[in-house]
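For reference, the structure is listed below as structure tokens.
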Amino acid sequence: MVSDGARSSAEEPWPVRVVSQKVGAWIAKLGWVWVDGQVAQISRRPGASTVFLTLRDPSADLSLTVTTNRDVLDAGAPELREGARVVLHAKPEFYAARGTLSLRADEIRQVGLGELLARLEKLKKLLAAEGLFDRARKRRLPFLPGRIGLITGRASAAERDVLTNARRRWPAVEFRTVNVAVQGPSAVPQIIDALRVLDADPTIDVIVIARGGGGIEDLLPFSDEALCRAVFGCRTPVVSAIGHETDAPLIDYVADVRASTPTDAAKRVVPDLTEEVRLIGQARHRLERAVRNLVDRESHRLDGLRSRPVLARPQVMVEQRATDVTALRQRAGRCLDHRLAAADDELRHTLARLRALSPAATLDRGYAIVQRADGHVVRAAAEVGKGDPLRVRLADGELAATVDG
């Protein structure tokens, strides 16, 4: 069972006119609403009391037709022009026969400069609170981009300034230029589409968004919230070059680099070839000087080493060592001779003492040694008896004797 007047799949489908009627009935319940938008087109027919406006959303590719009385327009915004921001009190109307939605306004107010600035300041605080202006997330530009994406107006002074100054600084620089509307209701969608195209191109290393100077209303698209978020979401570094030094649309705070003018953007995205050649020359000169100083220093050090006696006359070290060895050998010989002489004298004295104290010396003086048969030396006559055999040792030989009394 399907409630609230809905039909089940088994029932007969609604005709288009029924759907259109029901949509119109639902929209009619909305009542009167306040609508904010940008005027894309104004149609005033001579003699007609009705004025037709095309109201565009600055942040989206969406527009609605607005009908109002000429008196209402003259009372609320007599100087209204295309591109102006308005706030109107209107009632949505759906034409079932054509299936179109429009607005019928009974009050129109053109947004003044003060109100625009107040809205921009409020949006600036909102984006800053969300971190879109955070300097920590801003990326450094490549030193020498292979290809630069340029978003600017067709045949504009900003395009000429960027291309001319960039090629003057680096003649081999390459650009991919996307021309868009830089003011008016279609500017924001076109710039966002160009950003998406260039950001998706892998050959693009940096994107430049450039526009010449203008009033606050002219530069208003570059403070659009949708454009700021699109720049924030780019993977490629973005350079903002909008207006002059004093102009500061919100895109300047979101971009990775803010250039004061399109000419300044050209100076920031590519290096100056002449300056780089000069810097390379200076670096080469410093390198040559450093290498020369290093070689000179090492040459002097080698000369100092070569001038030392050990390297100037290497044989001196050998000769000195040979002299030392000869002196040591001579000293060792003298020491050995001295010790041998001392030992010889000591040996002779010892031999003399031995000879003086030995029995042989005593025998040489005429004495004799009398021994019994068992070899015992006879020291007293009582030690032998008559008839005992004796052996008498002389200095030269020995005698056999017998005791006879």
Side-chain angles (χ1 to χ4, degrees), residues 35-41 54-64 82-85 111 116 119-120 122-124 126-134 137-139 141 145 147-156 158-159 162 175-212 214-243 247-259 262 265 269:
V35 182
D36 177 18
Q38 188 173 22
V39 178
Q41 184 179 2
T54 300
L55 193 66
R56 187 181 185 88
D57 190 323
S59 302
D61 190 10
L62 178 65
S63 60
L64 286 175
E82 294 177 355
R85 293 287 293 269
V111 178
L116 279 177
R119 291 187 181 186
L120 291 180
K122 183 178 179 180
L123 178 59
K124 180 179 178 181
L126 173 64
L127 298 180
E130 293 183 13
L132 270 69
F133 302 163
D134 189 4
R137 61 153 295 273
K138 295 184 183 299
R139 294 154 294 191
L141 299 182
R147 198 177 188 198
I148 301 172
L150 176 61
I151 301 175
T152 186
R154 185 180 302 277
S156 62
E159 179 181 8
V162 173
F175 278 91
R176 179 181 178 182
T177 304
V178 179
N179 295 120
V180 298
V182 291
Q183 68 182 60
S186 62
V188 173
Q190 291 186 23
I191 297 174
I192 292 177
D193 290 341
L195 268 175
R196 290 171 181 167
V197 171
L198 294 179
D199 192 38
D201 188 345
T203 65
I204 300 298
D205 294 327
V206 62
I207 299 173
V208 178
I209 304 177
R211 187 203 190 283
I216 295 178
E217 295 84 354
D218 298 331
L219 302 181
L220 196 61
F222 298 96
S223 294
D224 185 81
E225 180 179 359
L227 179 57
C228 291
R229 296 188 183 278
V231 171
F232 182 79
C234 283
R235 295 174 298 177
T236 308
V238 177
V239 178
S240 172
I242 309 301
D247 298 319
L250 297 185
I251 192 178
D252 282 352
Y253 300 96
V254 184
D256 296 285
V257 174
R258 187 250 179 182
V269 294

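In this text the structure is predicted, and so the values were computed from the model without any measurement. Every heavy atom of this structure was used, including side-chain atoms; hydrogens, water molecules and symmetry mates were not.
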Quick check for you: to the nearest 0.5 Å, what is the distance between Arg56 atom CZ and Gln38 atom CD?
8.5 Å
Quick one, Arg229 and Leu132 - any side-chain contact, counting heavy atoms below 4.5 Å?
yes
Given Arg147, which of Asp205, Thr203, Val206, Leu198 fulfils the side-chain contact (heavy atoms from CB on, under 4.5 Å) condition?
Thr203
Residues Ala241 and Ala265: closest non-hydrogen pair is CB-CB, 3.6 Å
Taking atom CZ as the centre, does Arg137 end up with more than 12 heavy-atom neighbours from other residues, nucleotides or ligands that are less than 6.0 angstrom away?
yes
Going by heavy atoms in the side chains, are Ile242 and Leu219 under 4.5 Å from each other?
yes
Does a side-chain heavy-atom distance below 4.5 Å link Ile207 with Val239?
no
Check: Phe222 and Arg211 side chains under 4.5 Å, non-hydrogen atoms:
yes
Is the shortest side-chain heavy-atom distance between Thr177 and Glu159 below 4.5 Å?
yes
Do the side chain of Thr152 and the main chain of Ala210 share a donor and acceptor less than 3.5 angstrom apart?
yes
Short question: side chain of Asp199, backbone of Arg235 - any donor-acceptor pair under 3.5 Å?
yes
If every non-hydrogen atom of Pro221 is compared with every non-hydrogen atom of Gln183, which pair is closest and at what distance?
CG-CA, 4.0 Å
Close side-chain approach of Phe175 to Val208, heavy-atom, < 4.5 Å
no
Would you be so kind as to tabulate the donor-acceptor pairs closer than 3.5 Å made by side chains of residues 250-257, with sequence neighbours excluded?
from, atom 1, to, atom 2, distance (Å)
Asp252, OD1, Ser240, OG, 2.3
Asp252, OD2, Arg258, NE, 3.1
Tyr253, OH, Lys124, NZ, 3.3
Asp256, OD1, Arg139, N, 2.9
Asp256, OD1, Arg139, NE, 3.2
Asp256, OD2, Arg139, NH2, 2.9
Asp256, OD2, Val238, N, 2.9

From Thr236 atom OG1 to Asp201 atom CG, the distance as rounded to the nearest 0.5 Å:
8.5 Å
Closest contact, heavy atoms only, Asn179 versus Ala155
ND2-N, 4.4 Å
Could you go through Val162 and Val269, starting from their C-alpha distance and side-chain angles, then the distance that decides it, and tell me whether this counts as side-chain contact (heavy atoms from CB on, under 4.5 Å)?
CA-CA 10 Å; Val162 173; Val269 294; 5.9 Å; no
Are Ile204 and Arg176 close enough, and set up right, to give a side-chain contact (heavy atoms from CB on, under 4.5 Å), and what steps lead you there?
CA-CA 8 Å; Ile204 300 298; Arg176 179 181 178 182; 4.0 Å; yes
Within the distance-only criterion (no hydrogens, no angle test), does the side chain of Gln41 pair as donor or acceptor with the backbone N or O of Thr54 below 3.5 angstrom?
no
Take Ile192 and Val188 through the side-chain contact (heavy atoms from CB on, under 4.5 Å) test and state the conclusion after the steps.
CA-CA 6 Å; Ile192 292 177; Val188 173; 3.7 Å; yes
Would you check if Glu225 and Cys228 make a side-chain contact, meaning some heavy-atom pair closer than 4.5 Å?
no
Distance check, rounded to the nearest 0.5 Å: Arg196 atom CZ versus Ile191 atom CD1?
12.5 Å
Flag side-chain contact, heavy atom, 4.5 Å: Cys234 against Leu195
yes
Minimum heavy-atom separation for Ser186 and Ala181, please, with both atom names.
OG-CB, 3.7 Å
